[in-house]
Amino acid sequence: MSTPPLLRVVEREALVYARLWRGLAFSTFVQPALYLAAMGIGLGGMVSAHSGRVDGLAYLDFVAPGLLVASAMQLAASESMWPVLGGAKWMRQFHGVVATPIGPGELFGGFVLWTALRSMLGAAAFLLVAALLGAVPSAWGILAVLAAGLCAAAFCAPITAFSISQDSDLSFPLIMRLGVLPLFLFSGTFFPVSQLPSGLRPFAVLSPLWHGVELGRAATTGRFDFAAVVVHVAVLVACIGVGATFGVRAFARRLSA
Amino acid sequence: MNGPMIEARALTKRFGPFVAVDGIDFRIEPGEAFGFLGPNGAGKTSTMRMIGCVSPRSGGVLRVLGLDPTDDGPEIRARVGVVPQEDNLDTELTVWDNLMIYGRYFDLPRREIRERATELLEFVQLSDRRSSRVDPLSGGMKRRLTIARSLINRPELLLLDEPTTGLDPQARHLLWDRLYRLKRSGVTLVLTTHYMDEAEQLCDRLVIMDNAQIVAEGSPRQLIVDNVTREVVEVRLAIDADPAAEVAKLKRFGDRVEALADRVLVYTDDGDATAGEVASDGFDAASVLVRRASLEDVFLILTGRTLED
């Protein structure tokens with residue numbers, strides 16, 4: 001039985017991960033626990049003492065899905081920069097891949113799929129820690145892992161398309177600081193976007209992370225509006241679609257020109 | 001296989017206005033060891049990338065294994081092995097994992113890959129290193145692993161781009177020996193090199209490339225016979241000599257004289273006699289050496305430059 005080329009790329013990434021996972025365990029399990037302890041329990045305790053609830057939720061319940069999805073975005077964003085340029089330029093493994101029957105487009109697709117899966121692995125760990133802390137009121141919460149994967153792919157596809165066309169990593173810290181970090185802070189992760197100044201509020205809908213966070217929150221709280229869920233999913237899928245269109249071309253240009 | 005392994009007519013590669021390969025013709029038969037000899041930038045790597053179906057041609061005709069790379073890239077790549085100019089191994093993984101991963105790219109069953117990997121590590125003499133990470137291996141070992149990896153799909157055709165560049169002489173000889181064995185087992189070898197000794201050692205037939213074009217073709221022997229005298233007298237000038245004047249004086253000793261930065265080459269059919277004449281004439285030379293003509297001389301005579309330029 002034959003395995004599609006895209007999945008053979010995933011297999012390779014999974015093997016590398018399996019060999020190196022010990023070094024990654026800290027960021028997978030310990031980081032969510034620290035985040036939840038500081039934001040959910042520490043800060044959340046203060047919020048509860050002063051104003052009680054946020055959007056009708058205990059602060060821990062509000063912030064947990066935000067952190068879950070935002071962590072997935074952060075992981076996906078950084079995995080879509082240095083490792084991509086590494087594969088094309090420093091370590092050059094991507095050139096080894098396209099010398100086999102696997103084409104550049106399939107390599108791109110496999111890479112994005114793997115990044116989504118890996119982010120879901122992290123999200124699952126996060127969800128487990130959050131559930132143990134009592135931050136996941138609904139059994140639908142399991143779907144937050146999917147929301148995280150979708151959001152990760154929505155960032156991975158366009159950023160990977162950008163990274164493959166770079167000659168150096170100079171722009172990467174800039175993207176992290178000017179792109180990823182502001183989104184992390186202002187996409188309804190730590191506080192509802194209704195708290196933003198009224199002039200900025202409409203821009204929140206432009207943040208793919210906001211759509212991801214809203215999906216994640218719908219899942220962990222079990223409170224959702226079906227139409228809104230459809231829109232959030234559609235926006236994330238659109239980001240993946242645009243990223244893939246550019247990515248497939250950019251991979252071919254860089255690796256098979 | 002019937003017909004040629006590779007056939008190219010007016011094969012061209014352009015990058016924007018830059019012409020990397022300028023309408024070259026060649027034909028490589030099954031079982032041959034065929035070389036592209038030329039300096040850096042001559043268009044060898046671009047040609048190899050077109051053959052390996054990782055670079056679309058800009059013009060002309062190309063058939064690899066009887067197929068067209070434009071239509072059948074994946075199928076051709078499934079039957080070809082590639083040893084790239086720069087190693088692109090997974091350095092943080094083990095020797096063994098590198099072979100397993102690469103085999104999976106070809107969708108080979110794991111059991112099959114394990115069998116082949118064991119044989120191939122034996123073949124490239126890396127069996128005792130199967131569990132070590134790639135990173136600390138020597139350049140020669142990495143090269144051998146890359147060759148083992150390129151053979152995991154049992155290719156009919158092996159493409160080697162500068163296979164021994166950067167290796168020490170001992171590592172090169174070991175590699176040449178392995179490649180020679182592969183050729184004996186029936187694998188068609190196509191390699192690029194800018195080392196004339198490598199071309200002479202490995203190639204049944206070769207083309208000399210310069211400035212995106214093929215300037216000569218033939219067996220190493222034939223190329224030398226056709227283009228150069230049998231022997232060469234290398235005269236190293238005295239340190240205070242005036243090169244232009246000395247070259248003019250040397251002209252009458254041989255059929256042809258070429259001036260290099262540090263020495264003058266006098267082409268002649270009887271090296272010892274010519275060297276004797278130079279000496280008895282009281283010519284002011286730091287040293288005089290007689291050697292057989294090589295592909296290096298063919299290149300120099302055809303292009304006016306040395307391969308290392």
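Every chain is numbered from 1, with letters handed out A, B, ... down the list of sequences.
Nearest heavy-atom pair, A:A99 versus B:Y102, reported as atom, atom and distance to 0.1 Å: CB-OH, 3.9 Å. Between B:L37 and B:K44, the shortest heavy-atom contact is C-CD, 4.1 Å. Listed here is the closest heavy atom pair of A:M176 and A:W82: CG-CH2, 4.2 Å. Of all non-hydrogen atoms in A:A157 and A:I240, the two that sit nearest each other are CB-O, 3.9 Å.
By a heavy-atom distance cut of under 4.5 Å, B:E86, B:D87, B:N88, B:L89, B:D90, B:T91, B:E92, B:L93 are the residues of residues 83-94 of chain B near chain A, going up by number. Within residues 245-257 of chain A, the residues that have a heavy atom under 4.5 Å from a heavy atom of chain B are A:L255, A:S256, A:A257, listed by number. Contacts between residues 117-125 of chain B and chain A, defined by a heavy-atom separation under 4.5 Å, are made by no residue at all.
In terms of non-hydrogen atom pairs under 4.5 Å with chain B, the most contact-rich of A:I102, A:T3, A:T100 is A:T100.
Within 6.0 Å of OH on B:Y180 lie no more than 12 heavy atoms contributed by other residues, nucleotides or ligands.
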Criterion salt bridge (Lys or Arg N to Asp or Glu O under 4.0 Å) on B:R79 and B:E156, from CA distance to verdict: CA-CA 6 Å; B:R79 293 163 61 190; B:E156 298 149 68; 2.7 Å; yes
Derivation and outcome, salt bridge (Lys or Arg N to Asp or Glu O under 4.0 Å), residues B:E7 and B:R9: CA-CA 7 Å; B:E7 191 176 15; B:R9 288 193 303 272; 3.3 Å; yes
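Using a 3.5 Å distance cut-off with no hydrogens or angles, the side chains of B:K13 and B:T47 do not pair a donor with an acceptor. A donor and an acceptor atom, one from each side chain of A:S71 and A:Q31, are nowhere located under 3.5 Å apart.
Stacking of A:R8 on the aromatic ring of B:Y105 is not recorded, the 6.0 Å distance cut-off and the 45° axial limit not both being met. Figure legend: cation-pi geometry between B:R172 and B:Y195, with NZ or CZ positioned under 6.0 Å from the six-membered ring centre and within 45° of its axis.
For A:E11, the salt bridge (Lys or Arg N to Asp or Glu O under 4.0 Å) criterion is met by B:R104, B:R110, not counting sequence neighbours.
No close placement of the A:W210 and A:F186 rings is indicated, their centers lying 6.0 Å or farther apart.
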